[in-house]
> 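Take a look at this one; I'll ask things after.
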Amino acid sequence: MTGTKDSRTEFQKLLTECKAGNIDLIITKSISRFARNTVTLLETVRELKRMGVDVFFEEQNIHTMSSDGELMMTILASYAQEESRSASENQKWRIRKSFENGELMGLRFLYGYQIEKGEITVDPVTSKIVQEIFKRAAEGESMNSIARDLNSRKISGFRGGEWNSTRIRAILENEKYLGNALLQKSYVNNHLEKKKVKNRGELPMYYAEETHEGIISQELFERVQQRLLQCAQRYAKRKTATVTPFTGFVKCGKCGKSYKRSGKEGHRFWNCMTFLSKGKAFCSQPQIPETLLYELTAEVVGKQNFTSDDLRSVLKGIQADDKTLTFCFHDGHMVQRKWTHPSRAGSWTPEMKKAASERTKRQRRNQNAKSGHGNSGNH
């Protein structure tokens with residue numbers, strides 16, 4: 001691996017052997033192979049010198065233990081670093097020129113397509129799944145629901161992996177399924193770290209049309225984008241309105257995932273995230289009624305109207321397993337509380353009963369009218 005890679009596994013093994021006293025001389029081809037970052041090079045060499053380990057660079061004929069070794073290395077490493085930067089800039093210039101010309105570059109994998117030697121063609125099998133995902137999303141089905149169904153049908157996702165809402169969204173937001181391509185969505189930050197970062201306006205983007213064969217129509221794509229926007233707006237509203245003392249605080253005793261608030265006003269519950277995203281087959285923990293969660297917590301902490309700070313000041317967290325809540329205190333002790341679902345009949349208020357009765361009467365009148373047995377008919 002090149003000298004720009006800071007996390008080189010074998011290089012780290014070499015340093016470990018040096019620290020253990022098993023090596024006293026390292027022979028390497030050149031400074032640029034050892035490290036192209038001048039600072040990293042000098043820090044590593046100085047550390048090795050302190051351990052009594054000499055480094056010999058064949059190409060430059062330098063021993064680090066020699067009197068003029070460090071000076072020569074500083075000069076030569078600076079050249080190596082600049083050479084690496086120059087090569088990186090040349091590569092970036094070539095890629096950006098290709099983007100300006102609308103050329104699709106660097107695409108190695110895209111679900112629904114086959115990519116070989118730069119040629120991209122529609123895959124007859126996985127492209128059908130892409131079409132199905134778009135149609136179901138356009139009809140209003142949630143991304144979690146689509147992912148659960150695909151997994152239950154044993155349909156492989158990206159490179160054989162499982163489906164989840166994040167991967168479904170990645171497909172739904174990708175303009176490449178139209179046969180077009182938004183180029184330079186990301187870029188490499190610099191020639192040393194070589195980290196791929198999202199382009200948030202630092203560099204220009206280029207939208208190229210008909211770069212390859214599309215899988216879905218423009219009309220379907222736009223319908224889905226509208227659905228995604230509506231979902232994002234609803235989520236933003238919920239996020240600001242539904243932060244409670246239990247957010248991120250209740251963990252599943254079976255799979256370790258956090259519990260998430262669900263349901264609607266007056267009928268709130270807390271469910272394991274695995275259950276919500278993958279279904280009962282992956283986590284069968286029962287949902288916890290929110291009223292019950294508040295009641296039991298208030299009983300344990302000895303405070304009725306508690307805040308998030310109140311909870312976190314005395315508890316490390318709450319673990320839910322079957323129908324038992326375990327309250328874990330900072331001092332190490334735990335308190336358990338078992339719970340049962342309140343009966344539906346017992347939880348109904350007189351107003352709720354009256355509303356249900358009115359609904360039943362309306363339904364019966366509607367059924368009678370449709371079957372021709374209304375008040376105006378013969379009895």
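Keep in mind it's a predicted model, so treat the numbers as computed, not measured. Note that the numbering runs from 1 along the sequence shown for the chain. Values below: every heavy atom of this structure, side chains too, minus hydrogens, waters and symmetry copies.
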> So, Gln114 side chain and Ile120 main chain: donor-acceptor pair closer than 3.5 Å or not?
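Checking the backbone N and O of Ile120 against the side chain of Gln114, no donor-acceptor pair under 3.5 Å is found.
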
> Return the minimal non-hydrogen interatomic distance between Leu178 and Ile216, and the atom names on each side.
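The answer is CD2-O, 3.9 Å.
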
> With clusters built from Ile, Leu, Val, Met, Phe, Trp and Tyr whose side-chain heavy atoms come within less than 4.5 Å, directly or transitively, what are the remaining members of the cluster of Val125, listed by chain and number?
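Members other than Val125 - counting any ILVMFWY side chain reachable under 4.5 Å - there are none.
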
> Once salt bridge (Lys or Arg N to Asp or Glu O under 4.0 Å) is applied, do any residues pair with Lys278, and if so which ones, sequence neighbours excluded?
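Testing Lys278 for salt bridge (Lys or Arg N to Asp or Glu O under 4.0 Å), a comparison that skips the adjacent residues, returns Glu162.
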
> With sequence neighbours left out, which residue pairs that include part of residues 207-222 fulfil the salt bridge (Lys or Arg N to Asp or Glu O under 4.0 Å) condition?
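Sorted result for residues 207-222: Glu219-Arg223.
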
> Mind checking whether Pro286 and Asn271 have side chains closer than 4.5 Å, heavy atoms only?
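Heavy-atom side-chain distance check fails, nothing below 4.5 Å.
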
> Nearest 0.5 Å please: distance from the CZ atom of Phe221 over to the CD atom of Glu175.
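Atom-to-atom, Phe221:CZ and Glu175:CD are 6.5 Å apart.
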
> When you check the side-chain N and O atoms of Thr274 and Lys257, is any donor under 3.5 Å from an acceptor?
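Lys257 and Thr274 do not have a side-chain donor-acceptor pair below 3.5 Å.
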
> Rounded to the nearest 0.5 Å, what separation is found between the CD1 atom of Ile318 and the CG atom of Leu296?
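Here the interatomic distance stands at 9.5 Å.
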
> Any sub-3.5 Å donor-acceptor pair from Asp321's side-chain atoms to Lys323's backbone N or O?
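Such a contact is absent between Asp321 side chain and Lys323 backbone.
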
> Is the CG atom of Asn305 crowded by more than 12 outside heavy atoms at less than 6.0 Å?
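No - once you tally the heavy atoms of other residues, nucleotides and ligands closer than 6.0 Å, there are 12 at most.
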
> Of the non-hydrogen atoms in Val224 and Phe134, which two are nearest, and what is the gap between them?
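Reported closest heavy-atom pair: CG2-O, 3.4 Å.
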
> Determine, step by step, whether Leu228 and Glu173 satisfy the side chain to side chain contact (heavy atoms under 4.5 Å, CB included) criterion, reporting the C-alpha distance in whole Å, the side-chain angles of both residues, the deciding distance to 0.1 Å, and the verdict.
CA-CA 9 Å; Leu228 292 177; Glu173 291 179 336; 3.7 Å; yes

> Tell me whether Arg268 is salt-bridged to Glu290, with the criterion being a basic N under 4.0 Å from an acidic carboxylate O.
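A salt bridge is absent here (no side-chain N lies under 4.0 Å from a carboxylate O).
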
> Does any donor atom in the side chain of Thr326 or Gln336 lie under 3.5 Å from an acceptor atom in the other side chain?
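Yes, side-chain donor-acceptor contact under 3.5 Å.
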
> Phe56: which other cluster members, linking ILVMFWY side chains closer than 4.5 Å, directly or transitively?
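The other cluster members (ILVMFWY side chains, heavy atoms under 4.5 Å, direct or chained) are Leu25, Ile27.
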
> Which residues pass the side-chain hydrogen bond (donor to acceptor under 3.5 Å, both in side chains) test with Arg227, not counting sequence neighbours?
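Partners of Arg227 under the side-chain hydrogen bond (donor to acceptor under 3.5 Å, both in side chains) test: none.
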
> Are the side chain of Gln131 and the backbone N or O of Ile215 linked by a donor-acceptor pair below 3.5 Å?
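At least one qualifying donor-acceptor pair exists.
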
> Calculate, to the nearest 0.5 Å, the distance between atoms CD1 and CZ belonging to Ile146 and Arg169 respectively.
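These two atoms lie 11.0 Å from each other.
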
> Strictly distance-based, threshold 3.5 Å: is any side-chain N or O of Glu141 a donor or acceptor partner for the main-chain N or O of Arg136?
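Here the side-chain-to-backbone pair does not exist.
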
> Work out which heavy atom in Thr211 is nearest to a heavy atom in Asn180; give both atom names and the distance.
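In this case the closest contact between Thr211 and Asn180 is OG1-C, 3.9 Å.
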
> Between Gly112 and Thr126, what is the shortest heavy-atom contact and its length?
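Gly112 and Thr126 have their closest heavy atoms at CA-OG1, 3.2 Å.
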
> Under the rule for ring pair (Phe, Tyr, Trp, His ring centres under 6.0 Å), what residues qualify as partners of Tyr111, not counting sequence neighbours?
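Ring pair (Phe, Tyr, Trp, His ring centres under 6.0 Å) list for Tyr111, sorted by chain: Phe158, Trp163.
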
> Going by ring pair (Phe, Tyr, Trp, His ring centres under 6.0 Å), name the residues that satisfy it together with His330, two or more places apart in sequence or in a different chain.
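His330 satisfies ring pair (Phe, Tyr, Trp, His ring centres under 6.0 Å) with no residue once adjacent residues are dropped.
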
> Using the rule given for salt bridge (charged side-chain N to carboxylate O under 4.0 Å, His left out), can you reason through Lys128 versus Glu132, listing the C-alpha separation, both sets of side-chain angles and the distance that settles it, and then say yes or no?
CA-CA 6 Å; Lys128 300 295 183 188; Glu132 179 186 336; over 6 Å; no

> Does one side chain, of Arg312 or Ser308, offer a donor that lies under 3.5 Å from an acceptor on the other?
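A pair is found: one side chain offers a donor N or O, the other an acceptor, under 3.5 Å apart.
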
> Run Phe249 and Thr247 through side chain to side chain contact (heavy atoms under 4.5 Å, CB included) and show every step you take.
CA-CA 5 Å; Phe249 205 59; Thr247 302; over 6 Å; no

> Less than 4.0 Å between a side-chain N and a carboxylate O, is that true for Lys254 and Asp322?
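Yes.
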
> Mind checking what makes ring pair (Phe, Tyr, Trp, His ring centres under 6.0 Å) contact with Tyr294, not counting sequence neighbours?
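Here the qualifying residues are Phe246, Phe306.
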
> Assess the residue pair Lys13 and Glu10 against the criterion (salt bridge (charged side-chain N to carboxylate O under 4.0 Å, His left out)); give the C-alpha distance rounded to whole Å, side-chain angles, the decisive distance to 0.1 Å, and a yes or no.
CA-CA 5 Å; Lys13 284 184 182 178; Glu10 296 303 316; 3.4 Å; yes

> Could you tell me whether a side-chain N or O of Asp149 sits under 3.5 Å from a main-chain N or O of Ser145, the two making a donor and an acceptor?
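Flag not set: sc Asp149 to bb Ser145 has no pair under 3.5 Å.
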
> Test of understanding: with side-chain hydrogen bond (donor to acceptor under 3.5 Å, both in side chains), list the residues that count as partners of Lys280, not counting sequence neighbours.
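side-chain hydrogen bond (donor to acceptor under 3.5 Å, both in side chains) check on Lys280 returns nothing, list empty.
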
> How about Phe282 and Phe275: are their ring centroids closer than 6.0 Å?
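Here the rings of Phe275 and Phe282 have centres that are no less than 6.0 Å from each other.
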
> Measure from the side-chain N and O atoms of His212 to the backbone N and O of Lys176, and report whether any donor-acceptor pair falls under 3.5 Å.
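It does hold such a pair.
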
> Taking only residues two or more places apart in sequence or in another chain, which ones pass side-chain hydrogen bond (donor to acceptor under 3.5 Å, both in side chains) with Ser142?
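Once residues adjacent in sequence are excluded, Ser142 has no partner under the side-chain hydrogen bond (donor to acceptor under 3.5 Å, both in side chains) criterion.
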
> Test of understanding: with side-chain hydrogen bond (donor to acceptor under 3.5 Å, both in side chains), list the residues that count as partners of Ser313, not counting sequence neighbours.
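Listed in chain order: nothing, the list is empty.
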
> Assess the residue pair Leu325 and Leu293 against the criterion (side chain to side chain contact (heavy atoms under 4.5 Å, CB included)); give the C-alpha distance rounded to whole Å, side-chain angles, the decisive distance to 0.1 Å, and a yes or no.
CA-CA 9 Å; Leu325 294 178; Leu293 184 56; 3.7 Å; yes

> With sequence neighbours left out, write down each residue that passes salt bridge (Lys or Arg N to Asp or Glu O under 4.0 Å) with Lys135, or none if nothing qualifies.
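Testing Lys135 for salt bridge (Lys or Arg N to Asp or Glu O under 4.0 Å), a comparison that skips the adjacent residues, returns none.
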
> Examine the side chains of Asn144 and Ser277 and answer whether a donor and an acceptor come within less than 3.5 Å of each other.
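Per modelled atom types, Asn144 and Ser277 side chains form no pair under 3.5 Å.
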
> Taking all non-hydrogen atoms of both residues into account, name the closest pair between Thr64 and Val53 and its distance.
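Heavy atoms only, the tightest pair is OG1-O, 4.3 Å.
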
> Begin with the C-alpha distance, continue with both residues' side-chain angles, and end with the deciding distance and a verdict on side chain to side chain contact (heavy atoms under 4.5 Å, CB included) for Ser262 and Phe269.
CA-CA 5 Å; Ser262 60; Phe269 297 91; 4.0 Å; yes

